[in-house]
Structure formats: C-alpha cells, structure tokens
Amino acid sequence: METESIKLNHIGSDTMDDKYLIFKVEEEEFGIEISTVQEIINIVPITRVPHTPNYLKGIINLRGDLVPIIEVRSRFMMEHRPYDDLTCIIVLEREEEKIGLIVDEVHEVKYISKENTSYPPSAKLSYANQFVKGLGHVEEKVILLIEPHDLLHDD
Amino acid sequence: MDDFDRGAMLESFIQEMGILVDQLENTMVQTGEVYTKEQINEIFRIMHTIKGSASMMLFTEMADVTHSAEDLFFFLRENTPTVDVDYATITDLVLESVDFIKLQLAHMEDGETLDEKPPELMKNLKDCLSNIKGEGEGTDAATAQTSAGVQPTQGLPVATGDVNRYSALIFFQEGSEMENVRAFTVIHNLKDVATDVVTVPGNVLDEDSIWSIRSNGFRLEFSSNHSLEQIRNTLMQSIYIKDMQLEKISGEADPSTNVYMTTIKFQAESQMENVRAFALVNNIKDTVTILKQHPGDLLDQASAEVIRKKGFTMTVATDLNYRELESILQQTIYLEELTLSQVESAAQPTNQDATEDELAKEGVALLASAGDSDPLVDAFGQLGDTVSAAPPAIAQAVAVESTPAPVAAPVLATSTAASDAPRAKRAASSSVGMASDNDDSDQSKEKAGAKKPTTHSINVNVNKLDQLLNLVGELVISEAMVTQNPELEGLELESFTKESRQLRKIITEIQYTVMSMRMVPLAPTFFKMHRIVRDMCRQLKKDVHLEVIGDETEVDKNIIEHISDPLMHIIRNSLDHGIEKPEIRMQKGKSGQGTVTLEAKNSGGDVLIIIKDDGAGFNKEKILEKAYRNGLLVKPEEEYTEKEIYQFIFYPGFSTNESVTTFSGRGVGMDVVNTNLDHVGGTVIADSIEGEGSSITLKIPLTLAIIDGMLIKIGNDKYTIPIMDIRRSLKVTKNDIIFDPNGNEMIKIRGEVYNLVRLNNFFGLDIGYENVEDGIVLMLENGEKTVCVFADELVGEQQIVVKNIPKYIKKVHGLSGCTLLGNGDISLIVNVPAFFDV
C-alpha cells in the first residue's frame, strides 16, 4: 500500500525527475532525461560547417537562434539512412546553449523510477553502448538511458 | 541591512567604487614630484569616500587598506611634513592600494570571496606614515588632536572626572529574535563603564520582556564617567541594534562638545538618498555623535522620498569645530546642498575655537544678506586681521579690494556640491581678483560656481544593449523577409512598395541609433596607458612622456575590450625596446625625455590607432636574422620589403630581445596584438625609421555587429565575405594559372602573381566547380597582404548582422561568424586573415 502511494505521487507530480523522452535509433530505444529537452521539431535544412566532426551536421536557424545539430546515428557510428517523415530533431537546452539531436523517431515520455534502473554491464558490446549510463526497465522492455553530456563531447 | 536588496546595492557600490578608483588612479598618475594641495585634498576625499562606502557594505579588508592610505593623506593635508617626503613612494603605495581595491571589486563582481588585506601593503603604508611624520610627530598639539578626531576612537575608557547620567532607548532589528538576550548583552557590555543601570523592562531574562522590547524598545538609564561618544561606541558594539537614541540627562556638559544642526540635500540624480544618508552617518559616526536625525530609519525605502524632498536633517554633538565638521560633511558624495548651524556652543572653548565659532555664527547671519556684496566686504575686512587659521572662504569671485592677510569669511555652505577642504578655499580667497595665475582659485571657482549641470545620461546594462542590437538585427532580417516575400512576386504593389521603403528607412535609423548607443570614447582605455608608462619608467629608469591625441574618438564597446591589451603590449614594447635610456638618448642628440604618442582618429569605416615613439626604431637586420632562425622566411631575404619585415614582430614567440625581462622578451606580447585584432577584424601595420623611432598602426572597424558582405556560392552552400576585404572580382582563364614546384596554384593578374585558394578545398567541401573558367576569382586584401580565392558565383551584396557561431562548435579555422539571410537561411562568414596563416 505504501509503495503504491509513493508511485502515484511520482506520476501525479509535476516534477521532471526520472522522466525520460524515449526515442529510437536503428532498432534500439533510448531514453534521455526530459528536463534537458526543450522541444522536438521536424527535420529542416541544415547548414553545414566545414572542419567539424562528421556527426556534427551543421547549424539550423531556430526562430533566430543558431542551433548546432548532431546526428545520433553517426555519433553512434551507425550506418547512414536517409531522413524520412519520422526523423526528428530533439532540441536540448543545456548551459544556456541549444543543441539538436537527429533521431530516427520519437516515441513518448516515460517515468522510469530509480528502482527500475540498473547500471549497464561493464563489457561494452558496441560503440553506442559507451554513451549508455543506465538501463531502464519498463514493461518488459529495456531502455538505454543516455547522458547528453557524453553524447556532445569527446572525452 | 536585511531589508535591502543587497544585490542591487552591491551593483551600485561596485559601479561607484569603479568610478572613484579610476578617478583616484587618474589623480595619482598626474601627480608630479610634489603633490599640490588640490591633489592631496582630492585624493583624501576619494579615499575617504571609498573607506566609508566599503565599511558600509561591510568590506572591512578594503576599508582597512583605504583607511591606512587615507591616514597618510590626512597627515599630508593637515601638516607640512618637516622631513623630506618621498612622494613617488607614496604614489606607488597608493597605486598598489588601488590595484588591491580593483582586484576586490573584480572578485565581488564574479561573486568570489575577497582577499585578505595584503599585510605588506598595510605595513608599508604604516611605515610610510611614520616616516613622514618624522620628528614632527607630537609637537603640534592641534594636529594630534585633529587626527585623533578622525581616527575612530577605540572606545578607550578615558575618565572625564564627573559622573554623567545617560538615558538610552534601543531598538533591535526585526527578526533578530530573543530581544531579551540581546538586551542582556547590552547591559553586560555596559558593565565596565557604567553604574546604577536601570532598565525597562526590569528583568530582561524574563521571556515576556521580548514582546515589550520588540514593540517599545529597550530603555535604560545609567551613570557613567565616560563621554557621550564613548558610551555610544560601547553600546553600538552589541549586535543587531537597529536604532539607538542616547541622551545625557544630567551631569557636566562635555567641555569640548558642540551641538550642530545640519541639513543635507543630495543631487537630484543621486537616487537611493536613504542609502547615501546611511553612508554619511556611517562615515561620520566615528567623529560625531548623532543626537537626532530625520528621517529616523534610513534603511526604510520610504525615507529616500523624505530626504529627496526635505533633505536629511541631523543634530550632532561633536568636539570638532565648525570648520572641521563642515569639511567632513562636504565630503559626502552626491552632496547638493549643505546647511550647517551651531545650536549649542562649547562651554569653554579655546580661543581659536571661539573665533571660529563666532565666525560660524556670523556666517549664518551673513546668509541672510548674501545677496548684497557690501556686508560681505565688511566682513572680510573685519575678520581678515583677527584670524590666521581661517575657516573656509567664499570662493566665488566676489570683488574684494586687496586684503593683505589671507582673507577669511565663513562659508555660506549652501553654495555648492563640490566638497573641498578649507585650505584650498583659503588659498582661493587670498587671490580673489588676481585669479588668473592661480590654479587653486580657478578650480575652486569652478566648483563653487553654478550648480553642476544635470547630466542627461543613464547607465544601461551592456547586456540589454546587446539584446537590443540583436533584436534590431532580427528586425532588419524580418523586414527583408516581409518585403521580399516570394508570395509578393509579380504583384503590382505601388503603395506597399512605398510604405515598405518608409519602413526600411525607419529601421535603418533605429539601427544607427542603437549602434551609436554602443559607441564609447577611447579615453578611459588610453588613460590606463599613463599608469603603464609611469610604472615602467620607474622601473626601467627611463623618462618617457605619453602624449595622447584624439582620445574622444568613439568605438564600439565590444571592440574597446579587445584593444586594451594590444595597446598595453605595444606601449610596453616601445618603452622597453624602443626608447633608450636618457644617457644614450643624449649621446644620440635626442632630448633625454622620450615621447610616446598615442593617437586615435577616424578614417572611413575604420578607426586608426597610431602608437608612435621616438626611440631606436626596429632593427631590420636583427628581425630578419631572427625570422630566418625561426624558419619564417618563405622567399629570399632581399625580396622582403621593409613593411613585410616589420610584420614579423607580430609572430608568436618572436622576440629580438636577448633576455627575458619583467616586461618583455618572451615574444608573447605582440602576438596578442595580432590575435586580438583578428578577433575584431582589425589589422596592424608596423613602420620604423631606424634610430628615429617606430610607429604601429592599428586599423579597427568602427563596429562589429553589422557589416556589408558579399554573398558567394560554393555548390549550394552560401558564404559571406566582408566587402571591406574584397579588392575586386574577376573572371580568369586557365592560362593565368601557374603552379609552383609544390603544386600550389598561383594566378597572374596584370603582371603580379598571387596565391590562389580554392574555397571548396580550403573548407574541405565536396562540391563546387573545378574548372577556374566556370567560377569567379575574388582578390582579397588584409593589411599588406593579398590573396585570390576561387568560388562558384557571386550572389550579391547585402548588409549582414554578424552572429557568433554557437559555442559548442569550437572555433572553425577560416570562419569568423555566421549570419541569417533574408529567407532565414544561414550563411557562414569567411575570416579573410585566415588565408594568410601559414
């Protein structure tokens, strides 16, 4: 009974803690903390910037703001695939700077409690796995939780 | 203090301090071998204000440092030192204090913790004071007395002999809680100095007394053989005291205490009058005892309004005489009007005091007849003989028949905001009528003259200006988007076209206005150089005069930030390498004193800053040799023109100095010049005549934000090249192309050969024409260098608003920013100097 009420509290609350935006790249589902997400927009023409890493696709004009765009596919060293109707840009706002992520599709916002997350196995099976900071277990599925900072910076 | 928005106060504090410190530095640098009275007064006044404000904001470390420096000047002001004073050392010390304060201000701004006061500086200041005091110390009783008056009394119990009865009413700050315990602390503090303490409420340790104290205050009566002021100091030691009224109810009048009533009005634009008044109270509380003040609670915002309308009225008790008190009050910043009158004279004043008090009273009487000059002349006549140490005089040029002795007249203190010490005014009055050759009187007259004109300017946060400029940029773009909307194409829109032209005109005007708002004169930046020249001259034992021309030239705020460092490095370089030591200069037949000229002027859309010195000039051979050793030469030595050779000095790590000194030799400085100028799209040119001097010219654009750009296409990508960098564009044929042995492409235009850079290759793009005959060649210029670039086509010329490339994308070689085009597309701006980087 007690655990039940705690859970309800969480779902009912307005806080953005432990809520994740679920998006898909290749056939895998990833989650990114909703508090970092500013908006989701359709794919738009991107102005490329020379002398930058290839996953950095360029910059877009978002209502007067210049936003750098990263393609998650190429960041994860996955094969290129042409953009389609489902391709979206997730615009993150961090440290007062906006950065866009190109993903295959965006699904939903899910609450994943801390109890339902676990650390990823230490063995890195694919390149993409190095960006995974945790595994979220939701309805029999496993969501790979991503830390935006790792995605944006080569360390 | 809690009632305040401390952030806002801190901001205005930092700003105010910044101005004062600059002013102080300014004055210090101007001081020659001996300080003039004016300078001493000015320095003292600034120090005093800084100290007061700093202690008001509880920055004790800062206050302490200024206090020590202030002591030094207090001594200089009140005494003619008997020993030789090393003014240069004092200047050094004060400048060091200035640096300390500046550093603290910077810390405050960044929200960092403040430094401890530097013990060495404090010690030096103290040593210096005792040095100049020399044997003169203590011989002049009057001096000792006055200086003791200004230094905060440490509450040392000095018995006055008779027992006085005092009554005090104390209110504690709201929210201090446990008022009864606070009250108990007060009683405890009094224990050593007072007897027969009676309190209301009686038993303070009873919980119920909290409420009584909170609403009615804590009242106490006690006997003590200490003076009112000492008691006051003792009581104020208790924390959380918000307000205290202390009265003497019986006993001998303090023999040296006079009671004055004063009303102070602040300048109209000063704002936060209550805080000013609070600062004043804080400033003077060491020297006077405030018996009554109106409004009572200065920390209440409402009292600002009261003070603005009626002025700030205080009744104070002090052992200072009229003149001293007046000069202290005159130091209030933003003072507009001061009236001071004596309510109660000292019981047994000294002879001199009596005269002065009389004078003071007559001064008040004279106030009534100030319109008429005759009584004034009489007053001068009467008083001139009787007084030697004269109270402040009327500095206005009242036509006084020549009076042999220093003329004295009580000041009609309502006259002016300018605070000034009495001596200056005495000097002024002694030369009324023959003012022309006397600086003092000129200045005093100026100060004492008509009220300061109200300044028609306000301070605006730079961020807001930046934002405004951005918005105007957006406006320019959206205007283009609307009026050149593709949906309008082919329509007959006579009136629309007319109206949109009007709109464009207005927008352009807004744009220019906003840009002009961001323009600031170069004077403060140039001024900093005086300090550098002075410091370096002291250390290098050179004699150099810095001449500044055209410092009123205005440049965009953002650009100014970038040129201060380059200027500093160039001037350092000139002083260290350029200007020779006096004896060598003499041998060469030059005057012993070197001159560095710093000149700014407008030239088209650019500002030129020229730094010229009459030193040794650059040594061409040395530079060439060094360039050769560093592997910088790309063609045979003899083919380099003079200007090309001089350009080497701006290369990183390039120094012809054999040894590294404090000032230069690491080869970093001039590199900074280049980098910083690159940032603002400027160029630097060096020139020199060996043996006669050198000149370095900085060419910087007036503004960064909006430039004329040429839009070009490479494949589908649009790039923008600043028009000012383009010399011309031309079509070329394959025959004009030449290859050097390394396969680099070069192009021959009218007999001259230039490097050809293909933009698509330069930017690593997989698009764009390969055949030079398909595209177009642009000849670009930067400073003395020229290069040709190849692009697909020219799209057109347009005004562009420069935006930074998002920070996440680190600096891209060859790009200086980006811009939004009329249709919302992004175009990258080409950084022309990048083509010349090896």
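Below, read A as the first sequence line, B as the second, and so on, with proteins coming before strands; counting in each chain starts at 1. These values consider heavy atoms only, across backbone and side chains, with no hydrogens, waters or symmetry-generated copies.
- Salt-bridge formation is not detected for the pair A/Lys19/A/Glu33: no Lys NZ or Arg NE/NH1/NH2 atom is positioned less than 4.0 Å from an Asp or Glu carboxylate oxygen.
- Only the side chain of A/Ile99 comes within contact range of chain B, with at least one heavy atom under 4.5 Å from a heavy atom of that chain.
- There is no contact between B/Ile805 and chain A, counting heavy-atom distances below 4.5 Å.
- Looking at A/Ile60, the atoms closer than 4.5 Å to chain B (heavy atoms on both sides) all sit in the backbone: N, CA, C or O.
- Remark: the A/Ser74 side chain and the A/His80 side chain contain no N/O donor-acceptor pair separated by less than 3.5 Å.
- B/Ser827 and B/Thr819 form no side-chain donor-acceptor contact under 3.5 Å, judged by distance and modelled atom types alone.
- One side chain, A/Glu71 or A/Tyr83, offers a donor N or O that lies under 3.5 Å from an acceptor on the other.
- In this structure, chain B has heavy atoms under 4.5 Å from both the backbone and the side chain of A/Leu66.
- Taking the charged nitrogens against the carboxylate oxygens, A/Lys110 and A/Glu108 do have a contact shorter than 4.0 Å, which makes a salt bridge.
- Two rings, from B/Phe762 and B/Phe790, have their centers 6.0 Å or more apart.
- Only the side chain of B/Leu828 comes within less than 4.5 Å of a heavy atom of chain A; its backbone N, CA, C and O stay farther away.
- With chain B as partner, the option from A/Val67, A/Thr47, A/Asp65 having the largest number of non-hydrogen pairs under 4.5 angstrom is A/Thr47.
- Proximity to chain B is absent for every atom of A/Leu62, based on heavy atoms less than 4.5 angstrom apart.
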